[in-house]
Asker: 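So that we are looking at the same thing, I have put the structure below in structure tokens.
A note on names: the letters A, B, ... follow the listed sequences, proteins ahead of strands, and every chain is numbered from 1.
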Amino acid sequence: MPRTVVPFGPQHPVLPEPIHLTLHCEDEIIKEAVPAIGYVHRGLEKLAEIRDHNQMVQVVERVCGICSMIHAAAYCAAVEQILGIKPPPRAEYLRVVWSELHRMHSHLLWLGLYADAFGFESLFMHFWRIRERIMDVMEATAGNRVIISVNVVGGVRRDLTPEQQKWVLSEVDWVEKEVARLKDVMMNDYTVKKRTVGVGILSKEQALELGAAGPMLRGSGVAQDMRMTGYHAYGELGFEPVVETDGDSYARSNVRFREVLAAVDLVRQAMAKLPDSELATAYKGRPKGEAVMRVEQPRGELLYYVKSSGGKYLDRVRIRTPTFANIPPLCAVLPGLELADIPVVVLSMDPCISCTER
Amino acid sequence: MLDTLLFILIVLPFLAGLGCYVLRAEGVRSLIVVATGGILAAASVMLYFQTPFTYPVEASVQATLFGVSLDEIIMVADFLLLAVILYFGVRHKNAIIVALAILQGALGAYLEFGLIEHAPKAYPTFVIDTLALVMVLIISIVGSLICVFAIPYMKEHEHHLHLPASKQPRFFLVLVAFLGAMNGLVMANDLAYFYFFFEVTTLCSFLLIGHDETEIATKNAVRALWMNSLGGAALMIGIVWIYSELGTLEIAKVISQQHTSAAMLVALGLLCFAGFTKAAQMPFQSWLLGAMVAPTPVSALLHSSTMVKAGVYLVVRFAPAYADTNLGLAVALCGAFTFLGTAALAVGQSNGKKILAYSTISNLGLIVACAGIGTPTAITAAILIIIFHAVSKGLLFLCVGTIEHGIGSRDIEDMRGVYGKMPVTALITMAGVVTMILPPFGMLLGKWMAIESSAGSLFVIVMLALGSAITVLYWARWAGGLMSVEGGEKFKTESQAALTRAPLMILCFGAVVLSFLAPWIYSDMVVPLIKLSPYAVAAGGLQSGAGSFAVIPLFIVGLIGFGVAINALRKARSSHAFDAPYMAGIQSPAVAGAYTGPMNKPVVVTTGNYYLSAVFGEEKLTPYGNFAAIALLVLMFALGGLF
Amino acid sequence: MIDHIEDITAETLIGKVEALKKEGYRLVTMTATDLDAETVDLLYSFDKDLALMHLRLSAKKNAPAKSISGVYFAAFLVENEIREQFGLTFEGLVLDFGGALLLEDSVRPTPLCRYTVVEAKPEAPVAGA
Amino acid sequence: MLHMTGTILRNLFSQRATRLYPIEKREPFAEVRGELLFDVEKCTFCVRCQMACPSQCITVDRKAATWACDAFACVYCGICADTCPDGALSHAPAYRPVAREKSQMFYQGVLKEKPKKAAPAAAPAAAPAGESPKPEKAEA
Amino acid sequence: MQAFEIGLNPATFGWLLVGLLVAPVAGGLIAGVDRILTAKCQSRVGPPLLQPFYDAAKLWGKETKVSNVWIAFCSWMYFTAAATSCVMFFLQSDLLIIFFVQAVGAVFLVIGALSVPSPYSQIGGQRELLQIMAYEPLLILVFVGIFLATGSFNISAVYAMDKPLMLESGVVPMVLLFVVLGYALTIKLRKSPFDISGSHHAHQEIVRGVFTEYSGRYLALVEVAHWYEVVLVLGVVALFWATSWYAIVILLVLTYAAEILVDNITARLSWRAMLGKLWASGLALSFVSLAWLYAF
Amino acid sequence: MLDSFIKKSRIKSPWLLHFDCGSCNGCDIETLACLTPLYDVERFGIINVGNPKHADILLVTGCVNHRNKHVLKTIYDQMPEPKVVVAIGACGLTGGVFRDAYNVVGGVDKVIPVDVYVPGCPGKPEAIIDGVVEALGKLSEKQNAAAAAVAAE
Ligand code: NFV
Ligand code: SF4
Ligand code: SF4
Ligand code: SF4
């Protein structure tokens with residue numbers, strides 16, 4: 001049978017970011033999928049050689065505009081490890097608050113894009129409309145909507161005043177209410193299920209074997225969430241990883257959907273427990289040594305490796321992002337799908353190419 | 001005058017064929033074929049001015065050929081023919097053919113020597129009404145054009161095969177003689193004659209299909225032979241049965257009234273069955289598909305003007321006899337089912353000739369369905385479809401043949417972008433497709449009539465509705481693919497043998513002009529036959545209480561639109577602002593039709609049609625389709641005979 | 001400062017990795033760091049039940065390293081990346097992008113090597129003093 | 001299949017969510033880090049901002065007493081403002097307006113005696129403060 | 001039938017002009033209203049009412065660049081066919097013929113798309129064909145239903161009746177047929193869940209599908225042709241209650257509102273699902289209602 | 001009359017094509033946010049199209065890397081005249097924080113001509129709207145020349 005070769009991307013409306021897939025299909029069934037990346041590779045790990053470890057906070061925060069704050073937090077935590085300092089407790093809690101806000105905005109953004117991928121425009125609009133509240137919260141509390149730059153080595157730069165806390169909680173309540181209203185659409189709508197249930201199945205074994213991370217892994221039934229390791233202040237908060245077992249796109253979207261609600265809960269918990277303390281720990285000297293730090297990004301486990309020999313600049317900053325880890329599993333599930341499922345499945349892993357390629 | 005005409009139309013082709021066979025020089029052969037074609041065409045046109053008439057004019061006079069009674073010649077020839085078929089059956093070790101040939105021989109002998117009282121018959125041997133005329137025109141003009149086309153085609157065909165000795169003499173013998181047999185068949189008023197010519201076409205097609213003598217050709221030829229022998233046997237049984245019921249072999253008599261007795265309906269059912277086999281209706285479609293191995297002119301001939309048309313001619317001819325009976329309904333169901341089933345099968349094909357084959361069967365199904373419905377509008381539809389289908393389908397086969405010789409493939413995937421290489425042929429093909437499926441052209445006129453006249457029959461209409469939608473799918477994607485070239489290359493003229501180009505041009509022109517003339521064809525050809533005028537011809541359109549089709553106004557509007565569109569195309573071509581196709585931003589600057597893919601390597605973009613093989617695949621669909629078709633056939637006899 | 005780290009050699013690498021896979025470890029990633037003009041430090045990170053485990057290997061730049069993509073398919077991506085950024089080739093790479101995974105030919109090869117600079121690039125920032 | 005209906009109908013019959021920017025402009029939040037503002041009078045040309053800026057878009061010339069910033073490369077992180085010991089840098093809550101041409105921030109100050117500030121009268125005259133559209137700088 | 005019997009009297013001429021000139025304007029306005037309402041459903045403001053006209057005019061004025069000159073040809077053919085079919089509707093011609101003429105446009109749209117070897121336009125073309133294949137039988141069966149109720153395929157016959165079509169033969173079959181028509185309408189309006197071959201909405205896996213390679217004024221033509229088609233299908237909807245202008249307007253408003261609603265509460269199906277759904281439920285519904293009509 | 005309507009329509013119907021040229025996503029999600037209810041640029045007749053052949057305004061985000069620059073150029077070339085380009089964010093303007101990274105070209109205007117610059121990191125949705133409005137002004141300036149070209153053809 002004749003094959004149709006589809007150059008899917010790099011410039012493609014369903015892809016917010018450039019990535020390329022060469023798809024060979026027959027009657028729109030994918031027989032072979034070959035990925036190509038490199039359209040967003042900037043090479044910013046190398047910038048560590050010309051930016052000092054403080055400037056690097058801003059650089060790694062710009063690895064990705066969606067999960068930016070958590071990048072910076074993870075990097076700072078790694079450098080703090082090398083320096084042997086601990087941020088003050090309030091900073092740890094604030095990092096949790098902003099991290100979870102980021103997770104909410106990232107997941108809401110994703111849910112919208114995902115809805116768009118199967119042609120549900122009004123749902124996309126709705127999720128993004130809800131998301132704007134979080135953006136407002138970030139702008140008001142941290143001074144910028146997207147890249148909030150609150151982290152510094154040793155702690156955070158910004159604080160939440162009591163009024164701000166109250167306001168944030170009320171905004172978060174609103175978001176929770178609105179999101180919960182869409183639960184039925186995401187989980188029970190006939191057309192949505194038709195497009196997602198059983199599409200792009202990744203079994204538990206495959207997920208582990210291929211090194212999947214985050215919701216991709218949890219959607220396949222593996223309860224693995226870096227927050228369980230208790231970094232920042234997560235150890236002091238009640239937290240259960242969200243797990244689904246079917247391993248299909250529907251399961252993955254459910255994981256993210258439920259994580260939005262879980263994030264709301266974590267924000268509330270953190271706010272309730274917010275301790276009083278300094279915002280940042282002062283330190284002297286330059287880092288010397290190496291450290292590995294893992295945190296949970298919206299897309300899964302993020303790993304920072306930082307090495308320094310005490311000079312002005314760091315020796316090496318290595319970022320292993322969750323999407324990078326999720327590419328092999330993605331390649332494994334593509335063959336056999338329909339062309340129309342490609343956006344759904346590609347998005348169900350929640351690709352973030354700027355993270356992947358750095 | 002009349003006997004000369006009949007002689008030219010029926011006997012001349014046989015003689016010309018023999019001439020080709022005996023005088024083996026290529027030039028002579030070409031001359032004979034072209035001349036015969038011309039004479040046949042001229043004769044058929046002259047026939048037009050004589051119609052209707054019977055021959056001999058005096059019913060009591062007996063027709064003779066060179067002084068010998070024609071009846072006797074036919075009788076002897078009949079047995080000879082069966083003997084030849086028997087011979088082939090034995091030679092190819094096919095028990096079915098042998099058994100059927102013996103059965104037919106026995107029945108024929110029983111009929112000739114047991115049943116018939118050999119008194120001089122009191123009815124004319126040939127009756128030429130407008131239906132016969134339509135058929136003769138198609139056979140003699142379209143058929144002749146195909147024979148002419150075959151001259152350069154076969155030369156090239158044999159060139160590819162590197163044969164030690166040319167087999168063309170035999171080929172043209174059969175090809176040209178075929179036309180004579182068909183002419184005889186459609187004009188015969190005597191079932192015995194009809195049977196004879198019917199069997200001649202069977203034999204001719206067998207010989208033509210097996211012409212290349214490859215293993216597959218022989219296999220398919222044998223299959224065609226046994227399936228058609230089945231039809232021959234059914235025809236023979238039917239004839240015997242009719243004779244025993246009515247005591248006559250006169251066709252005009254049989255169809256002069258409606259029959260309602262179970263016995264007659266079963267007999268007529270057998271006739272229809274014979275028609276189904278010949279017209280390759282499901283479940284007999286496989287022989288016609290197998291026939292695709294033959295050189296393309298053969299396919300063109302079998303599909304457009306001869307052979308399969310004999311089958312539908314039979315069904316349509318006898319339609320008045322079973323109109324308004326359960327048999328009629330059953331025939332309509334069978335036809336509609338074939339229409340739908342083979343249209344669906346065509347979707348799964350990428351072989352251009354197979355698509356054409358399925359489409360032929362599908363359209364024949366439509367004709368059969370109309371015959372089964374049997375109302376005046378339905379018969380009108382049937383006749384119009386016969387005409388327009390012959391022209392367009394003949395054209396399309398010739399196009400495929402030409403393209404095949406040009407690009408070395410008959411696969412529609414390989415025909416993508418043929419416009420870049422063979423623009424004229426591609427355009428003609430496009431025109432052929434358009435005349436097949438779109439208004440205001442004749443095929444669609446016929447389909448419209450078919451749908452409107454079967455609107456009263458639930459199952460039939462549902463199948464027709466589905467089938468016609470599927471039809472659009474497989475034609476349109478083909479036509480679109482032909483044009484699939486990048487950029488705006490200059491229109492290159494394409495050189496072609498005159499004998500190739502002329503038939504293409506004439507048929508293409510004919511398809512368009514005939515469509516334009518549809519209202520007049522209707523009032524000239526159809527009205528005299530059905531002796532009714534279900535449609536009023538007004539303002540260049542056809543109207544009935546149930547609907548209206550403004551042929552001429554649509555043509556005019558279409559022409560204006562076409563003119564504007566062509567003008568836009570010219571402008572676009574001359575502006576030279578061409579742009580690479582959209583390929584997600586990575587069109588390769590270096591390699592045409594490619595993009596820069598993984599690892600920075602160029603990837604050539606290929607595209608393929610959808611064949612929906614999971615549903616419409618031949619292997620998937622054929623068993624179910626055949627099963628259902630057989631069930632319908634059983635139903636047909638049951639309905640006809642029992643209720 | 002990194003817990004659970006084990007030094008290995010090129011010979012023991014594959015065996016060790018296979019053993020880890022049997023134990024149910026998941027490959028997290030590999031990290032390459034330029035040590036000096038000859039050697040690259042390769043750090044393999046594995047995870048089981050949220051605990052990390054590392055293997056450390058000093059690879060010579062001029063000799064191909066062993067690929068573990070035969071054991072963990074997922075390693076192909078990061079090995080390709082390392083090859084492109086450090087010029088270290090891998091033996092037995094199941095899917096080789098031939099050095100064109102991320103970078104165009106026009107860009108300096110092995111950009112992440114600190115010590116074998118192919119083409120000096122001014123490190124001074126634009127608005128430098 | 002009708003799960004979205006409620007939401008849709010509610011939207012249809014309630015106030016739309018759209019902010020009609022640019023017709024109606026919302027007050028920016030107080031602490032937004034918008035356009036970078038520089039007060040040449042406060043600056044001591046100590047170069048700390050240049051050292052800290054992660055985007056490295058500030059160029060301070062201690063000797064010539066100039067302060068320049070490639071404003072289009074600024075990433076609005078606010079580090080410079082945090083670093084500046086003299087409060088010469090701050091952020092406006094609104095963003096820098098869009099432009100058809102690239103421009104530079106360039107200020108000419110007067111050298112001041114280390115601890116003390118220069119006479120206020122001298123500064124404004126010497127400072128052709130403002131932004132000069134200038135072709136983009138050559139980059140490495 | 002009447003259409004040509006009335007000949008060239010002023011009324012005919014008037015309707016001709018309505019079909020030719022008023023219809024596209026109406027179609028454009030409907031598209032404008034549609035966009036505003038859709039925006040409202042999504043809690044947005046949406047574009048100005050005249051936006052579709054701005055879009056078309058802008059496209060008309062753009063530089064014309066094509067990958068294959070057949071695009072130019074096919075866009076004009078599509079336009080001509082759509083306009084003709086719409087005019088024929090207002091001349092109360094034969095429903096079947098009107099739709100066959102409309103199919104000419106659809107087929108040329110596809111041929112144009114297939115004439116460019118870009119995978120997206122090719123896929124769009126193929127999908128468009130599948131859509132045609134999905135809705136054509138349904139429409140034909142709806143027309144057959146109308147025929148069974150009125151005894152003619154001519155639209156004039158519908159107007160000649162004094163009872164609304166919907167109430168003919170005891171409501172049920174006609175309402176079922178109306179639902180079937182709704183399926184076809186959704187496809188023709190290119191609305192979710194059946195906006196498969198090229199939706200108005202950009203974020204689709206096949207970019208703009210069948211329209212990918214149409215650009216500039218050729219895209220403008222395609223847009224305007226689409227307005228004609230919208231008016232045409234809505235015209236068929238109106239036939240179901242054509243006894244009074246009020247009824248027509250109410251029916252149209254309700255139907256269109258339902259389309260917008262469906263568009264906003266469903267995801268896009270894949271073409272396999274579409275074909276299955278339309279053929280299974282669409283055919284079943286029309287079969288039942290036709291059987292009902294035959295029986296009574 | 002038609003001519004003037006077309007002219008008027010040009011600035012009333014700007015169709016956008018957004019291309020991420022190696023950005024961190026920050027600017028992209030802000031661009032996308034412009035389409036969503038709170039900002040709803042469809043008010044200005046803006047549609048986000050996925051196909052350069054249909055676009056009037058090209059929004060580019062990101063610092064342009066060496067692989068992507070070819071894509072950017074191709075897309076730009078495929079857009080029919082009249083067209084304008086808006087570069088968004090510090091990255092799109094100059095390369096932003098990434099200017100000195102080895103795979104960064106830095107600034108959209110190094111590859112294609114840019115008409116409007118939207119500063120920010122990321123450019124806020126409001127700023128992006130401003131940018132588009134500014135671009136429309138530019139478009140209407142450009143349109144006379146282009147209209148002449150179309151008329152000539
Ligand atoms: N979540 C996240 Fe990142 C990180 N790290 C991911 O791949 O988004 Ni841009
Ligand atoms: S702005 Fe502040 S930090 Fe920068 S040079 Fe002036 S005084 Fe120093
Ligand atoms: S705000 Fe950040 S990027 Fe901008 S000048 Fe200050 S330090 Fe540099
Ligand atoms: S300008 Fe800032 S937000 Fe935009 S792409 Fe660059 S780093 Fe990201």
Asker: Between E:L59, E:D55, E:L219, which residue shows the highest count of heavy-atom pairs closer than 4.5 Å to chain F?
Answerer: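 Looking at each of E:L59, E:D55, E:L219 in turn, E:D55 comes out on top.
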Asker: What parts of residues 45-52 of chain E touch chain F if we use heavy atoms and a cut-off under 4.5 Å?
Answerer: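 Residues E:V45, E:G46, E:P47, E:P48, E:Q51 are the ones that qualify, each having a heavy atom under 4.5 Å from chain F.
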Asker: If you look only at pairs with a residue in residues 2-48 of chain F, which of them pass as a ring-ring contact (aromatic ring centres under 6.0 Å, His included), with sequence neighbours excluded?
Answerer: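 For residues 2-48 of chain F, and leaving out neighbouring residues, the ring-ring contact (aromatic ring centres under 6.0 Å, His included) pairs sorted by first residue read E:Y54-F:F5.
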Asker: Under 4.5 Å heavy-atom distance to chain F, tell me which part of E:I36 shows up: side chain, backbone, both or neither.
Answerer: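 Answer is neither: E:I36 stays 4.5 Å or more from chain F.
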Asker: Does F:L72 reach the side chain of F:I112, with side-chain heavy atoms less than 4.5 Å apart?
Answerer: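 Heavy-atom side-chain distance check passes, below 4.5 Å.
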Asker: Applying salt bridge (Lys or Arg N to Asp or Glu O under 4.0 Å), which residue pairs with at least one partner in residues 107-136 of chain E are found, sequence neighbours left out?
Answerer: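 Counting only pairs at least two positions apart or across chains, the salt bridge (Lys or Arg N to Asp or Glu O under 4.0 Å) contacts touching residues 107-136 of chain E are A:E28-E:R127, E:R127-E:E205, E:E128-E:R190.
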Asker: Does anything in residues 50-100 of chain F form a ring-ring contact (aromatic ring centres under 6.0 Å, His included)? List the pairs, not counting sequence neighbours.
Answerer: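 Residue pairs passing ring-ring contact (aromatic ring centres under 6.0 Å, His included), neighbours aside: none found.
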Asker: Where on E:Y120 is there a heavy atom nearer than 4.5 Å to chain F: the side chain, the backbone, both, or neither?
Answerer: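 It is neither, since no heavy atom gets under 4.5 Å.
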Asker: State whether the side chain of E:T266 and the backbone N or O of E:V262 hold a donor-acceptor pair below 3.5 Å, judged by distance alone.
Answerer: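 Pair found, side chain donor or acceptor close to backbone of E:V262.
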Asker: With no hydrogens and no angle check, is any side-chain donor or acceptor of E:Y214 less than 3.5 Å from a backbone partner on E:L109?
Answerer: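 It does hold such a pair.
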Asker: With no hydrogens and no angle check, is any side-chain donor or acceptor of F:E42 less than 3.5 Å from a backbone partner on F:I47?
Answerer: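 Side chain of F:E42 to backbone of F:I47, a donor-acceptor pair under 3.5 Å: no, none is there.
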